[in-house]
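Here the structure comes first, spelled out in structure tokens, and everything after it is commentary.
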Amino acid sequence: MEYKVAYRMPESLSKKQFSYCPGCHHGIVHRLIAEVIDELGIREKTIIVAPVGCSVFAYEFFELDGTVAAHGRALAVATGMKRARPDLVVFTYQGDGDLAAIGTAETIHAANRGERVTTIFINNAIYGMTGGQMAPTTLLGMKTTTSPHGRSPEREGYPIHVCEVLKELRGVAYLARTKVNTPKDVINTKKHIKKAFLAQLKDIGFGLVEVLSTCPTNWGMDPLKAGRWIDEYMVKEYPLGVFVDKVGEEK
Amino acid sequence: MTLSFVLAGFGGQGVMLMGQILAQAGMQEGKNVTWFPSYGPEMRGGTANCTVIISDEPVASPIVDTPDVVVAMNIPSLLKFEPKLKKDGFLFLNSSVIDRKPSRNNIRIIEVPANEIADKIGNLKVANMVMLGAIIAATKCVRKESVASALEYKLGEKGSSLLKLNIEAIEAGIRHVGG
Amino acid sequence: MKKIMMKGTEAIGEAAIMAGCRNFFGYPITPQNELTEYMARRLPEVGGCFLQAESEVAAVNMIYGAASVGKRAMTSTSSPGFSLMQEGISYIACAQLPAVFVNIVRGGPGLGDIQPSQGDYFQATKGGGHGDYRLIVLAPSTVQEAVTLTELAFELADKYRNPALVLADGLLGQMMEPVEIEEKQVSYDNSSWALTGAKDRPPRKVTSFNIDPYELEKMNLKLQEKYRKMEQEEPRWEEFQTEDADVLLVAYGTVGRICKSVVRMAREAGLKVGLFRPITLYPYPYKPLEELAKHVSLILTVEMSSGQMLEDVKLAALRLTRIEFYGRMAGVVPTPGEIFDHLMHLIGRR
Ligand SMILES: Cc1ncc(C[n+]2csc(CCOP(=O)(O)OP(=O)(O)O)c2C)c(N)n1
Ligand code: SF4
Ligand SMILES: [Mg+2]
């Protein structure tokens, strides 16, 4: 009898067991990135810059060279790497606190300079790692440990729309917002991630994919409800779509 | 007199609360107390634990090399803390979960089928209170009345409907060790 | 006043409120999140302002802003975040603004871990930021003392128009103990310098800047004068069983109280051991330590770091007696037993 391989672990993932909570989307996105790196055949020259956040161990989960940047500084570290070694493929993996609070300046300027790096941005509307504090992307009315009465625009301002802010910057070559709570969305997200890497590989500019993700633990929901919550609340605040595409269709 | 406790178990077993109530009760009796939790990644590997000290004199070190009392709600806790227990110290075992025997014979072992007893009362969640009842009965560290009032304080108004159930559990624990 | 059980972090928050602080700016970081979260809940109840900043860099500058308009302000963080605040602290010190900082130290260097540590001693007491400035540094060892010293931090910050730091560690931050917190609103007069709008008076400036080196040196001399005064008037420390001691343990904060247990163990073993516990780390209590050093045959300095305070112990006691060191790093907390064993080893009892 002949066997066909129907499923295997991407080569770009290490064998380390993920430390994420059940129902957390970090793991799904990790796998998609690894599949893209495999398909592009760039594993041996790709470097991951992990953030400080729940994905701080991402550098261990990938079978890649990698590092952890200081909180918020991933894109500065990535810039240094890419400028020093343009032949490498460099990507950052960042949460909303890391990318859009403490690292806002680094994010905007790396994008504006059109750094040839790729960023995967996990927007779960919360600080997962530190136990559920308000993120810059926390929805209005959403209760967190530091917005105990619900986020109000008067006190804490509005949820920050990273793609909408970055899309005006001319250094950006690919920019999209997706989610991974259904199989169709998972397949779709992989396409976006691939294009964000191609923006770098084809030397066009900065690429970023924002993935609307769950944090069942700090949202206080079970995984199924958290998945539904993405559609019911997150997508309404953060519309999905492609904001910038200078990569064009793949041949 | 100084008594030191290490209470340990899985995340959801309520060991932190058990320790806090013990410390609160001690304080209400006018004693010096501290409660110190394990925190961070330490919590991931299966055991959460806290150290409680109840003393007649001001508490110096909040951590102890050899506790007087170890409360193990699960197997990893038993493995981790049995070796540290003081000679002749009390080892409380949740025998509903721990299906093995301790290896030392120079300690006082008290087995409490906390889950079964709690289940009989009608709520598995109060297994920690069953254990707490057993602890205060065997060690005489604080009085039952102090624990009851500490519990009332901890549960607050919101949890007042749970008070009766919890006290029942504590009493069942006391009865189990014949206190 | 009734005693209640409180976590160290939360007790510090309540003490700050009782000292009249109504402005808190901070950024989440473990193991001090409970303090930030406490302020998020509590400050609105007392009509205060809590704001989660986008980073520690932003938080420290928000403190600068609130302090410059004459309001009591505070922030709280842990080691990596405190590093990010150094630039701002230097500005605050030079601009002579009162402000209170809390650093719940965790294991380092770098991202390190989140367990208790004292590895930020140098940073706290010897600068950290740029320039010739000093930070008032208070090191509590119990939750009750954390309350007292938080209130004192506001008092000293106001008195000297200088930033003050409560330096604690994850153990004290996470620990619960009974506390009494009394309202302690020290009123202070900032009418001569606070930026309140140039109404009926000439405009005022709060700055950390002067392009003329001679003028800037004058500003520096004023700061130095202030520091000398602090060094005269503010050192605080605790002595425990030192009267007849032949061996002196020196330790601060959490390690200070751990060493109290060591003293008790040693006394039970018939050894004359005492403890010197600095409470102000700047200004450091050099003088009383020097006095004690003359009467003991051994000083053992114990830290949760690699021998940082040891340098101050040597400044006080070098050549007066034998000085030894025991330390753990990176978030490992030394137990009374291991310190005792080390002590026994040093005096040849083991
Ligand atoms: C300078 C500094 N400040 C604060 C922290 C604490 N910290 C660790 S992760 C984190 C936020 C993580 O949130 P996010 O980026 O949204 O990632 P998530 O955990 O949600 O995936 C913070 C504030 C730190 N490590 N360094
Ligand atoms: S805390 Fe939230 S973001 Fe972090 S691993 Fe758990 S579910 Fe994922
Ligand atoms: Mg997040």
Checklist entry - Going by residue number, which parts of residues 132-149 of chain A are within reach of chain C, meaning a heavy-atom gap below 4.5 Å? => result Q133(A), M134(A), T145(A), T146(A), P148(A)
Item to check | Proximal to chain C - members of residues 58-66 of chain A, heavy-atom separation under 4.5 Å | outcome: none
Checklist entry - What are the two closest heavy atoms between T130(A) and N33(C), and how far apart are they? => result O-ND2, 3.1 Å
Item to check | Over 12 non-hydrogen atoms of neighbours within 6.0 angstrom of CZ in F243(A) | outcome: yes
Checklist entry - Would one find more than 12 heavy atoms of other residues, nucleotides or ligands at under 6.0 Å from atom OH of Y233(A)? => result no
Item to check | Residue pair E56(C) / I102(A): nearest heavy atoms and the distance that separates them | outcome: OE1-CD1, 3.3 Å
Checklist entry - Is the CD atom of E45(C) crowded by more than 12 outside heavy atoms at less than 6.0 Å? => result yes
Item to check | More than 12 heavy atoms of other groups within 6.0 Å of K225(A) NZ | outcome: no
Item to check | Contact origin within Y38(C) toward chain A - heavy atom pairs under 4.5 Å | outcome: neither
Checklist entry - Looking at L111(C), T36(C), V57(C), L51(C), which makes the most heavy-atom pairs under 4.5 Å with chain A? => result L111(C)
Item to check | Portion of I29(C) that has a non-hydrogen atom of chain A nearer than 4.5 angstrom | outcome: backbone
Next on the checklist: Using a 6.0 Å cut-off, check whether atom NZ of K71(C) has over 12 heavy atoms from anything other than its own residue.
Outcome noted: no
